[in-house]
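These notes concern the structure reproduced below.
Here is the naming used below: chain letters follow the sequence lines, and residue numbers restart at 1 for every chain.
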Amino acid sequence: MTRVFAPLISLFAEATELEEREVAGLLCPPPSAELGDFAFPCFVLAKRLRKSPAQIAAELAERVDSNDAIASAVAVGPYVNVRLHRAPFTSTLLEEVRNQGEQFGSSSSGNGKCVVLDFSSPNMAKPFHVGHLSSTIIGGSLSRLFAYQGYRVVRINHLGDWGTPVGQQITAFKRWGDGTELDRHPIAHMVDLYQRFHREKAENPGLEEEAREWFRKLETGDKEAREFWEHIRSVSIQELNRAYARLNVEFDAYLGEAFYEGMLQETIEEVQKAGITEVSDGALIVPLDSKGIKTPLILRKSDGSTIYATRDIAAARYRAENYRFDLCLYVVAHDQELHFRQLFATLELMGYDWAKRCVHVQFGHVHGMSTRKGGAILLDELLDRATEKVRETVMANQTLFRDVPAAEIDEVCEAVGVGAVIFGTLNHRRTKDVEFSWDNALNFNGETGPYVQYAHARLCSILRKAGDEPRGAANVELLTHDAEWALVKELARFPEVVEEACAQYEPSCVARYAVDLARAFTVFYDQCRVLGEEPELSAARLSLVNTTRVVISSALHLLCMKTPERM
RNA sequence: GCGCUCAUAGCUCAAUUGGAUAGAGCAUCUGACUACGGAUCAGAAGGUUGGGGGUUCGACUCCCUCUGAGCGCACCA
């Protein structure tokens, strides 16, 4: 929380005898700036004081009227609308950002705490398509948000690197694979082979048996199977890291399904010790009726092998023991809701107190992301098209990029194109299904990533032309324009937006804020000239410009977006 | 059949978690300075918040019901 609201909050806390925290939660901007800067709704006091909210508002307005911080307090119906003295508020805010820099908006609320994030988690030897975007980007942004709140963050990629599909991949390669092709285009080649396997298995039932045999060999440590698996896994990770680098996302560990193989026996024994298992149709299950779930969790199949549920229990226990997390977030699509309810319920029945600190951060489907041929759109295809579209605009701006080296132009196009895609997946609440369209994905006007980055580039441009960054305190008394004031108020919101985004696991809060801030700036930019005014006014505005640049850059960073200085 | 999620302007999304006259962008139409970058700004038009009940000072928000959509319901992940 910023100090800027402190005078306002303490004043109302005193007048109403409410806790400061409660007051902070109640204060809100009025529907229109003409009504005032902040509003205090009096409904909660009505019951306690046995008076109508309007009456309370009227009395409260009398009590808090004008002092150092507040210029006026007017009762409008059940609200007390407050107008602030702009200068002290602005002065405090600018000073705070000047002192804290990129740390403005961060907090220490997560100090000493640990959050584990499980996200992205694709299957190995498969293409990285746009279906993986949501988990990857939401997880990536949440990582940064929690780190910003002081948490120790552990980012885990629960890679799909085990199970019968691996046996199928080995079988396909042994039959039709090409070593040099594998070296040149490992993923593409493996995808071709995998698809061929599924085409041919209908006419050749022996293939499935062969695949099971290869997987059995892999499980029992057969050298040939193991070496092939390791090679495919390693090139898959290389390929994935390339995609993650484009998306500005990183992981602390690839702990795939294979990693937990050695723990499964012990895991099953632990579940059995809890006395919650049953044998049903030859399978070992955990009935969950007591938790209101009709479908049991399957611990071991009737053929004796295990499935994902057992591995997820093992993974959860591993994370609890090794990281002692305060929060374990699974950023996984909505389809797996039942599975996670089963998993968490089982962990609770096992008596783990940390089970209730596990959360399924689910998100909706993105529909219509298939190509005409029926396959999914590849990530690179989407990013490349976005980047090329950006290049058209950049190339049209001859004057700005005249002396800029080609490599730097490439960098800008990449930053903006990828930024547009990232922003596109974060600017709506994660639970709702969305419709993908190329028109929308490649529209860079209005509420988009480029709009926010463009505002940042203009801010940088002003600062570049001004020469040195503004230092020291500005004469904030000169910042009297409404557009300046609106921008200042918008800047002050940033810390609570970050807090909100963490509390709800909603990066979209930050995305929405970034647009609001960028808009407040462009309105200011349109109405207030910075350079070439009276030196003192120019300096004051420059100070506001630099503050805005810092905050917009922080917001973009939290969204895993780059902050180009020109575009 | 049961469960989860969703339904807001022509389209894509908001709405400070129960608060003031439901707001933005896209598309459409109209306008903008020989000044810091027009990927911009200002304005117009666009709504019975899927339908119907209920809860209360107040409901897009909570409850019930109906309709529609997406997803999931034991050996895939």
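Between A/Tyr451 and A/Thr522, the side chains place a donor N or O and an acceptor N or O closer than 3.5 Å (distance only, hydrogens not considered). There is no side-chain donor-acceptor pair under 3.5 Å between A/Gln336 and A/His360.
You'll find that the side chain of A/Lys294 is closest to B/rC2, out of B/rC2, B/rG37, B/rC76. Comparing B/rA24, B/rC36, B/rA39 by their closest approach to the side chain of A/Val390 singles out B/rA39. The A/His428 side chain lies nearest to B/rA14 when the options are B/rC4, B/rG38, B/rA14. Nearest to the side-chain atoms of A/His334 among the listed nucleotides B/rG38, B/rC4, B/rC6 stands B/rC4. For A/Ser280, the side-chain atoms get nearest to B/rA74 when compared with the rest of B/rC76, B/rC71, B/rA74. Checked against B/rG70, B/rC41, B/rA24, the side chain of A/His367 finds its nearest nucleotide in B/rG70. Residue A/Thr295 has its side chain nearest to B/rC73 when only B/rC73, B/rA14, B/rU5 are considered. The side chain of A/Tyr308 sits closest to B/rC76 out of B/rG37, B/rC76, B/rA14. In the set B/rG38, B/rA24, B/rA39, the nucleotide with an atom closest to the side chain of A/Arg458 is B/rG38. The side chain of A/Lys465 lies closest to B/rC36 when the candidates are B/rC36, B/rU16, B/rA39.
Results of the ring-ring contact (aromatic ring centres under 6.0 Å, His included) test with A/Phe12 over A/Phe40, A/Phe5, A/Phe38 single out A/Phe40 as the only residue that passes. Across A/Leu27, A/Val4, A/Leu26, a single residue satisfies side chain to side chain contact (heavy atoms under 4.5 Å, CB included) together with A/Ile9, and that is A/Leu27.
When Watson-Crick and G-U wobble pairs are counted only if both distances are under 3.5 Å, B/rG18 pairs with no nucleotide at all. Across every strand in view, B/rG37 sits unpaired, with no contact that passes the Watson-Crick or G-U test at under 3.5 angstrom. Under the Watson-Crick or G-U wobble criterion, with both distances below 3.5 Å, B/rG70 is paired with B/rC4. Pairing for B/rC26 is with B/rG10, a Watson-Crick or G-U wobble pair whose two hydrogen-bonding atom distances lie under 3.5 Å.
Atom name P, nucleotides B/rG18 and B/rC76: the rounded distance is 43 Å, in whole Å. When the C1' atom is compared between B/rA14 and B/rC6, the two are found 16 Å apart, to the nearest whole Å. When the P atom is compared between B/rU40 and B/rG58, the two are found 44 Å apart, to the nearest whole Å. Nucleotides B/rC36 and B/rC41, compared at atom C1', are 15 Å apart to the nearest Å. Spacing between B/rC60 and B/rG68 at atom P, rounded to whole Å, works out to 25 Å. Atom name P, nucleotides B/rG10 and B/rA45: the rounded distance is 15 Å, in whole Å. Comparing the same atom, P, in B/rG51 and in B/rU8 gives a spacing of 10 Å after rounding to whole Å. B/rG23 and B/rA15 have their C1' atoms separated by 7 Å, given to the nearest Å.
Dashed line: the shortest gap from a side-chain N or O of A/Lys389 to OP1 or OP2 of B/rA39 is not under 4.0 Å. Distances shown here put a side-chain N or O of A/Ser461 below 4.0 Å from the OP1 or OP2 atom of B/rG37. The side chain of A/Asn445 places an N or O atom within less than 4.0 Å of a non-bridging phosphate oxygen (OP1 or OP2) of B/rU40. Within the structure, a side-chain polar atom (N or O) of A/Lys432 is placed less than 4.0 Å from OP1 or OP2 of B/rA14. Put simply, A/Thr393 has no side-chain N or O that comes within less than 4.0 Å of OP1 or OP2 on B/rA39. At B/rC41, one or more side-chain N or O atoms of A/Tyr451 fall inside 4.0 Å of OP1 or OP2 (strictly under the cut-off). Between A/Tyr454 and the phosphate of B/rA39, there is a side-chain N or O to OP1/OP2 separation shorter than 4.0 Å. A/Arg429 has a side-chain polar atom (N or O) that falls below the 4.0 Å cut-off from OP1 or OP2 of B/rA15. Taking side-chain N and O atoms only, A/Arg311 has a distance below 4.0 Å to OP1 or OP2 of B/rA77.
Here the CZ-OG distance, from A/Phe119 to A/Ser141, works out to 10.0 Å after rounding to the nearest 0.5 Å.
By the 6.0 Å contact criterion, CD on A/Gln527 is enclosed, its count of non-hydrogen atoms from other residues, nucleotides or ligands being greater than 12.
In this structure, CZ of A/Arg512 is placed 7 Å from C1' of B/rA24, rounded to the nearest angstrom. B/rG72 atom C1' lies 12 Å from atom NE2 of A/His360, rounded to whole Å. Nucleotide B/rC76 holds its C1' atom 13 Å from the CD atom of A/Gln342, rounded to whole Å. Per the geometry, CD1 belonging to A/Ile462 stands 10 Å off P belonging to B/rC36, to the nearest Å. Note: CG (A/Leu297) to C1' (B/rG72) measures 15 Å, nearest angstrom. Between A/Asn397 atom CG and B/rA39 atom C1' there is a gap of 10 Å when expressed in whole angstrom units. Straight-line distance from the OH atom of A/Tyr194 to the P atom of B/rC76: 13 Å, rounded to whole Å. Remark: C1' of B/rA39 and CG of A/Leu459 are 15 Å apart, rounded to the nearest angstrom.
Closest-nucleotide positions on RNA chain B for A/Val530 and A/Cys28 were compared, and the one nearer the 5' end corresponds to A/Cys28. Toward the 5′ end of RNA chain B lies the nearest nucleotide of A/Gly25, the other residue of the pair A/Asp303 and A/Gly25 mapping further downstream.
Using the six-membered ring where Trp is involved, A/Trp438 and A/Phe436 have ring planes that are perpendicular, over 60° apart on the 30 and 60° scheme.
Residues A/Tyr308 and A/His158 keep their aromatic ring centres 6.0 Å or farther apart.
Judged by a 6.0 Å distance limit and a 45° cone about the ring axis, A/Arg458 is positioned over the six-membered ring of A/Tyr525.
A/Ser302 comes within 4.0 angstrom of a nucleotide base, judged by non-hydrogen atoms across all strands. Heavy atoms of A/Pro450 sit under 4.0 angstrom from at least one base atom.
For A/Asn81 against B/rA20, a side-chain-to-base donor-acceptor contact under 3.5 Å is present.
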